[in-house]
Amino acid sequence: MASSDSATARADHKQPHGLGSFVRSQMRNIAPFLTLIFLSAFFAIASPSFATLDNVGNILTQVSVTGIIAVGLTFVILCAEIDLSIASIANVTGIAVAYFTLQESYVNIANVPMPGWAAIVLALALCALLGVVNALGLTMIGIPSFIMTLAMMQIAAGVSALLVRGQIAYKVPDLITTLGSGSIGGVPWIVIVAAVMLLGGHLVLTYTRFGRYVYMVGGNREAAEFSGLNVKLILGSVMVISAVCSGIGGMLGVAHFGSAQQNEFDTYLLDSIAAVVVGGTSLFGGRGGIGNTIVGLFVLGVLNNGLDHVNIDSFLKILIRGLILLAALIINVYAQRLRERAAE
Amino acid sequence: MSQGRSPILELNQITKAFGGVEALRGVDFSLYAGEIHGLVGENGAGKSTLMKIIAGVHPEFSGRFMLDGRETRFRSARDAHAAGIGMVHQELSVAPDLTVAENVFLGNQPTNRLGLVQWRRMAREASEQLARFGIHVDPMTRLGDLPIGLQQLIEIARVLFSGARIIILDEPTSALSPPEVERLFTTLRKLRDEGTSIVFISHFIEDILRVSDTVTVFRNGRKIAETASADTTKGALIEAMIGRGGEALEHSYTDDLMLPQSGGGATVLKVDQLSLGRSLQDVSFEARSGEVLGIYGFMGCGQLELSRILFGKLKPDGGTLAVDGSAKTFRSTAAARRAGVALVPESRRAMLFHQEPVYKNVSISILDRISALLLKPIRERAIAQRQVEQLQIRPPVVGLDLGMLSGGNQQKVALAKWLTYPPRLLVLCEPTRGMDVGAKNDVINIVRDLRAKGLAIIVLSTEPETVLSLADRILVLKRGAVVREFAGEAVSKDRLLEAA
């Protein structure tokens, strides 16, 4: 019986586009999707309150800030780089936009009030600037992105600390308040912003020349350079894109939470990396995309939300999240290997 | 010679396909103890695939695999290794950041009872083994600091002295100098006399005839012939390989060859007093439109560095570079490309995206010419299809992942990416390395076409034949300096070797 099984498996491989080799080459996309379906089914059965329209709305809202940050991070990871400063940059941008907004008199921050649009522009300029510093460190000086963005994580946290000095700010420009915490026709604006940014990221990666360059640089950096691509410019651009996405996520996040303070976004670093990687984007670059990131976001969102519904020990929750992340990393590395074998 | 003995390795009706492309079709192959078995065939004929099956790299195939008379199936290269099969792959696979000794003992460093590596013993034994092979280097040198030829010899030495009883060498001599080849052959004969079986793949048919006892010829995934080396000739083998008259194709270049009196038109590239560290000293030359300039020299003569400078990947310490009369300092390879310079490096891996389809590989260098912002995949595919047909790339499917093509066809893709919008200056490093006669001829014809179109072409090679078959004018580079120029005069392989 076993031998007949292996014979059919072998016959499959002889097919030009046999099911076996298709599944193997697509493992990176299939596995996260199956995980999502499995988790959703599990929680739907385990808890009657999980599979409701209201709760779907909850999940969407809960993953929005992570989703916005993860758009830029997807670009970075596709280039086989990493950005550890995303959460810090989100935090400092959120704080900056509040810093340039008139706060209530009881807020003890020496802030610089400005018109709403100016506050937004300045905050965006700040996150873009930090992204440029990341980009220059990576491409001009040649500091590995892991180290460069580790330093930037501290730098951005330091700027945040200097701006708020341990205090909490509450007011942000009206536009940000609306986008972060308002809703239209029952749909939260923040979900719409996240959806638009994810869609935009997908379109850029799939249909533009720049997107192709991102994949090619991630797939084989040396070959990209020998093909006459400006690899440094592309790497620098993705670092700036990542910082700006983080900044937007930070501003809306501050409005969403209703306050701007130090260390507010700390959990978003791991969540965003997890969303990208769990979704199946290769840590070695060149494979994956926004579609994967969306699936990854939902896997994490369903997991976080579902664990609340099934009444589980909240300390155990952290362990479970860790285990799921580990499983995803194993699949990520394994899928890379399967694909390489299929491509041989 | 093998009568009355049973083969240690016997393969029956081996068939292997990659994504629908049959690389091997019903091949029988046997190997006896104490023989050197040569394999010849054009690129993509199936030699490497068969050897990778033997070495456990491709565990999936159909057919019967008998080792020592027992049916065997390796699940991985590790299984094959444990069964005493060692292979040196076509592409160098060493750890450049480890020492020579660590590379020799890669995977089985001698350790003491505590599991600590015995460095002194490892260094001593590595240096003894390498000395048997005629290599005298400090075993504690970083491997990457040695010339490529020496690195390749050390990799071969690792497999030769690993105690394997079946040793497979895939194109082992392509980066070796003549004396190094000689040393390798002496060692191979000694190992054979001690009972080791050796499979030797090479495009250098003279080498195969000199060292092997038996020769097998492959063509299009089939075994065409198997004969004792003593009973055949180079011409007969070439004919079997390509299935047509071979004499006309293989030129030995031992006779004098007249270079044209004054080739070429306007100066496209002018290099003046270029220098780079210890690699290049005051190199000056010109490349002219409609002319192929050959630059010949031994491994490590500075060719690689020179090609990198021309394409903006390395910055020279001194000297100037002008394209079409205007001085350039390339800040990136992109700047060089925009100035009309194109480079095909010596390693396919450095040039191609193996996990991407052929058409994306072809279009990557010209995307900015065909799309401003949005991609035009239909146009890309059409352009790629045209190149694939013109260069006769097989299989002619532009949507296939590049990794599924054979080495020679990959090399053509590497050329194809520059041909849609021909550059002003095309720099080719080792354009025919590791290629069979037919593919070499294809490349020679492509280069001649481009010359006729008015491109300035520079061919850098460590193989005299490559330079002689292509160049109109030849520079000889030695230890980073131009020592001789051949123009409008007679030149031969001997004279080149003499000058270098």
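Since the model is a prediction, treat every value here as computed from it, not as a measurement. We name chains A, B, ... by the order of the sequence lines, and we start the count at 1 in each one.
- For B:S371, the parts sitting under 4.5 Å from any heavy atom of chain A are the backbone and the side chain alike.
- The backbone N or O of A:S227 sits less than 3.5 Å from a side-chain atom of B:S365, completing a donor-acceptor pair.
- Checking B:L367, B:I364, B:T333 one by one against A:L229, the side chain to side chain contact (heavy atoms under 4.5 Å, CB included) holds for a single residue, B:I364.
- Contacts between B:R308 and chain A at a heavy-atom distance below 4.5 Å involve the side chain alone, from C-beta outward.
- Counting heavy-atom pairs under 4.5 Å between each of B:D368, B:L343, B:I366 and chain A puts B:D368 at the top.
- Rounded to the nearest 0.5 angstrom, A:F226 CZ and B:F311 CZ are separated by 8.0 Å.
- Remark: B:F74 pairs with B:F65 by the ring pair (Phe, Tyr, Trp, His ring centres under 6.0 Å) rule, at least two apart or across chains.
- Using a 4.5 Å cut-off between non-hydrogen atoms, the part of residues 417-429 of chain B that approaches chain A consists of B:K417, B:W418.
- Residue contact with chain A, scored on non-hydrogen atoms closer than 4.5 Å, is absent for B:K16.
- More than 12 heavy-atom neighbours from other residues, nucleotides or ligands sit within 6.0 angstrom of CZ on A:F210.
- Note that CE of A:M216 is 5.0 Å distant from CD of B:E356, once rounded to the nearest 0.5 Å.
- For the residue pair B:L352 and A:N220, the shortest heavy atom distance occurs at O-ND2, 2.9 Å.
- Residues passing the side chain to side chain donor-acceptor pair (under 3.5 Å) test with B:E380, sequence neighbours excluded: A:R212, B:S363.
- Between atom CZ of residue A:R209 and atom CG of residue B:L373 there is a gap of 8.0 Å, rounded to the nearest 0.5 Å.
- For the pair A:R287 and B:Q355, the tightest heavy-atom approach, listed with the atom from each and the gap, is NH2-O, 2.6 Å.
- Of the charged side-chain nitrogens involved, none lies within less than 4.0 Å of a carboxylate oxygen, so that B:R337 and A:E225 do not count as a salt-bridged pair.
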Would you list the atom pairs, donor with acceptor, under 3.5 Å between side chains in residues 129-137 of chain A and any protein atom, with sequence neighbours excluded?
residue	atom	partner	partner atom	Å
A:N134	ND2	A:S85	OG	3.2

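- The part of B:A372 that comes within reach of chain A is its backbone (N, CA, C, O), which places non-hydrogen atoms under 4.5 angstrom from that chain.
- Proximity to chain A involves both the backbone and the side chain of B:A350, based on heavy atoms less than 4.5 angstrom apart.
- Looking only at heavy-atom pairs under 4.5 Å with chain B, the residue among A:A224, A:G211, A:G219 that has the most is A:A224.
- Residue B:I378 places its CD1 atom among 12 or fewer non-hydrogen atoms of other residues, nucleotides or ligands, all under 6.0 Å distant.
- Note: B:F353 CZ to A:R221 CZ = 11.5 Å, rounded to the nearest 0.5 Å.
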